[in-house]
Amino acid sequence: MIIPTSYDRYHRQMILKDFGSQAQQKMLGSKVLVIGAGGLGCPALLYLAGAGIGTIGIIDDDVVSLENLHRQTIYAMTDIGLSKANIAAKKLQALNPDISIIPYALRLTTETCLQILPFFDLILDCTDNFATRYMINDACVLLGKPLVSGAVSQYEGQVAIFNWRTANEDEPVNYRDLFPEPPKSGEVLNCAEAGVLGVLPGIIGSIQAGETIKLITGIGEPLINRLFTYNLLNNQTYELIISKNNAAHPSAPATKEAFLQTDYEWLCGTVIQALEINVDIFDDLLDSGNTVIVDVREHDEYPPVTEFPHLKVPLSQLEKNFKQESADTIIFFCQGGSRSLQAAQRLSAEPGIAKNIYSLQGGIINWKKNSKRISHD
């Protein structure tokens, strides 16, 4: 039964046709885990807490930074440097004291997946990297947990519901049916490299919350086995029907033991290897002479770099257009460091290119923020 003090809180949704107190009771009895308390997670958490989901878990090992605040609207300037999971839990509890909020200020691993996910009825993937997405998907498949997946980049966002067993299905559709294999490192840019307009994750995260409520209460037509795509620039939307593809799962773990042994960072090409240099070493090498600097971003990417001479060779054209330079050292840079690291690794395998080949750690964004060559007043 809904406690008397909660009636006024939920009254506006309880008077909806086909909703009522029964749907509200289902939400109060549900347990939802939100993985990622960032651009997608913040709006999803706010609306799930406001709507009265009885137990909400939050997983995020990151801390609040200034660059988060244009889109992660749970946080404020006074929260910078503090745990996202703990701060979000505190603010959601203040928003709705009637529900239970459980923060997990930790990095999600295969071990913690199998420890935490079984406690919850439904999982929201609000993360921003492929290694974690594939890990969450595979864990949900093994544990039989429905998954509401969201993603954003630049001006476009996507939402889909996976692993929801319908009456006529032997086996539900999952993320690997849509994307059988992870993209190669640097092939798909994350928000740190491609950018994102702050309001977009607010829209997509809110849709994830709406789809979660629909699944729990049984109202409407959730995006089960459908990929919904929204373009903010022109407000165009479209949907794709996702079908089961049994031939698309060769690398998916079939057991919990196999899942625990899967290295998702390696699988998705995100393992950081040698060849990286930090901002200070980069600045020293700029002055050393006989050093070639190469920007491997696409031609239309921002911010522009005018502080030092460099070549422009997009990663997609590296082998085709990169000409061997007479230099002791070659340093690649990109937006956040992942594509330049891939370029350094690829060119290091070529004989006779240069004595030293490096990638600028953290990319040009990090350099502009921390280089002593730039005034930060």
Any [X] side-chain heavy atom under 4.5 Å of [Y] side chain:
X      : Y      : value
Ile364 : Glu301 : no
Val313 : Phe332 : no
Tyr358 : Ile281 : no
Leu28  : Tyr10  : yes
Asp138 : Arg176 : yes
Thr110 : Gln261 : no

Inset, instruction - Assess whether side-chain contact (heavy atoms from CB on, under 4.5 Å) is satisfied between Leu106 and Ile116, documenting all intermediate values. - result: CA-CA 11 Å; Leu106 51 80; Ile116 297 172; 4.2 Å; yes

Shortest non-hydrogen contact between [X] and [Y], atoms and distance:
X      : Y      : answer
His70  : Glu67  : ND1-O, 3.5 Å
Gln208 : Asp125 : NE2-O, 3.2 Å
Gly337 : Ser340 : O-OG, 3.2 Å
Pro201 : Arg71  : CG-CB, 4.1 Å
Pro314 : Glu298 : CB-OE2, 3.7 Å
Pro43  : Gly38  : CD-O, 4.4 Å

Exam field: side chain [X] to backbone [Y], donor-acceptor pair closer than 3.5 Å:
X      : Y      : answer
Gln335 : Tyr302 : yes
Thr217 : Ala23  : no
Asn366 : Gly363 : no
Arg107 : Thr112 : no
Ser371 : Lys368 : no

Legend entry - Asp121-Ser30 side chain donor-acceptor pair, cut-off 3.5 Å: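 Result is no, nothing qualifies.
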
Inset, instruction - Identify whether the distance between the nearest side-chain nitrogen and carboxylate oxygen of Asp98 and Arg9 falls below 4.0 Å. - result: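 Judged by the 4.0 Å cut-off on N to carboxylate O distance, Asp98 and Arg9 do form a salt bridge.
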
[X] side, atom [atom1]; [Y] side, atom [atom2] - distance, nearest 0.5 Å:
X      : Y      : atom1 : atom2 : answer
Leu260 : Leu114 : CG    : CG    : 5.0 Å
Leu286 : Glu307 : CG    : CD    : 10.0 Å
Gln154 : Leu200 : CD    : CG    : 10.5 Å
Leu360 : Ile277 : CG    : CD1   : 6.0 Å
Leu108 : Gln115 : CG    : CD    : 10.0 Å
Ile204 : Leu40  : CD1   : CG    : 7.5 Å

Could you work out, with side chain to side chain contact (heavy atoms under 4.5 Å, CB included) as the rule, every residue matching [X], not counting sequence neighbours?
X      : result
Pro222 : Ile161, Glu211, Lys214, Leu215, Ile224
Asn235 : Tyr230
Ala254 : none
Cys140 : Leu117, Ile123, Ile136, Lys145, Leu147, Asn163

Inset, instruction - Could you list all the salt bridge (charged side-chain N to carboxylate O under 4.0 Å, His left out) pairs where at least one residue sits in residues 308-317, not counting sequence neighbours? - result: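 Listed by first then second residue: Asp295-Lys312.
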
Legend entry - Residue pairs, two or more places apart or on separate chains, that pass salt bridge (charged side-chain N to carboxylate O under 4.0 Å, His left out) and touch residues 216-234: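 Qualifying pairs, neighbours excluded: Arg226-Glu239.
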
List the residues meeting ring-ring contact (aromatic ring centres under 6.0 Å, His included) with [X], not counting sequence neighbours, and say none if there are none.
X      : result
Phe259 : Tyr264
His11  : Tyr7
Phe308 : Phe282, His310, Phe333, Trp367
Tyr175 : Tyr134, Phe162, Phe179

Tell me whether [X] shares a hydrophobic cluster with [Y], the cluster being built from Ile, Leu, Val, Met, Phe, Trp, Tyr side chains joined at under 4.5 Å.
X      : Y      : answer
Leu66  : Ile87  : yes
Val173 : Ile241 : no
Ile15  : Ile213 : no
Val141 : Leu223 : no

Inset, instruction - Just jot down the salt bridge (Lys or Arg N to Asp or Glu O under 4.0 Å) partners of Lys26, sequence neighbours excluded, or say none. - result: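 For Lys26 there are no salt bridge (Lys or Arg N to Asp or Glu O under 4.0 Å) partners, ignoring immediate neighbours.
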
Distance-only donor-acceptor pairs under 3.5 Å for side chains of residues 46-64, two or more places apart:
unit_1: Asp60; atom_1: OD1; unit_2: Asp62; atom_2: N; d: 2.8
unit_1: Asp60; atom_1: OD2; unit_2: Ala37; atom_2: N; d: 2.8
unit_1: Asp62; atom_1: OD2; unit_2: Lys84; atom_2: NZ; d: 3.4

Inset, instruction - I would like to know whether Arg297 and Val305 meet side-chain contact (heavy atoms from CB on, under 4.5 Å); could you show each step before the answer? - result: CA-CA 11 Å; Arg297 299 177 300 168; Val305 177; 3.5 Å; yes

Inset, instruction - Could you point out which residue of Thr132, Asn174, Asp177 forms a side chain to side chain donor-acceptor pair (under 3.5 Å) with Asn137? - result: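 Among Thr132, Asn174, Asp177, the one meeting side chain to side chain donor-acceptor pair (under 3.5 Å) with Asn137 is Asn174.
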
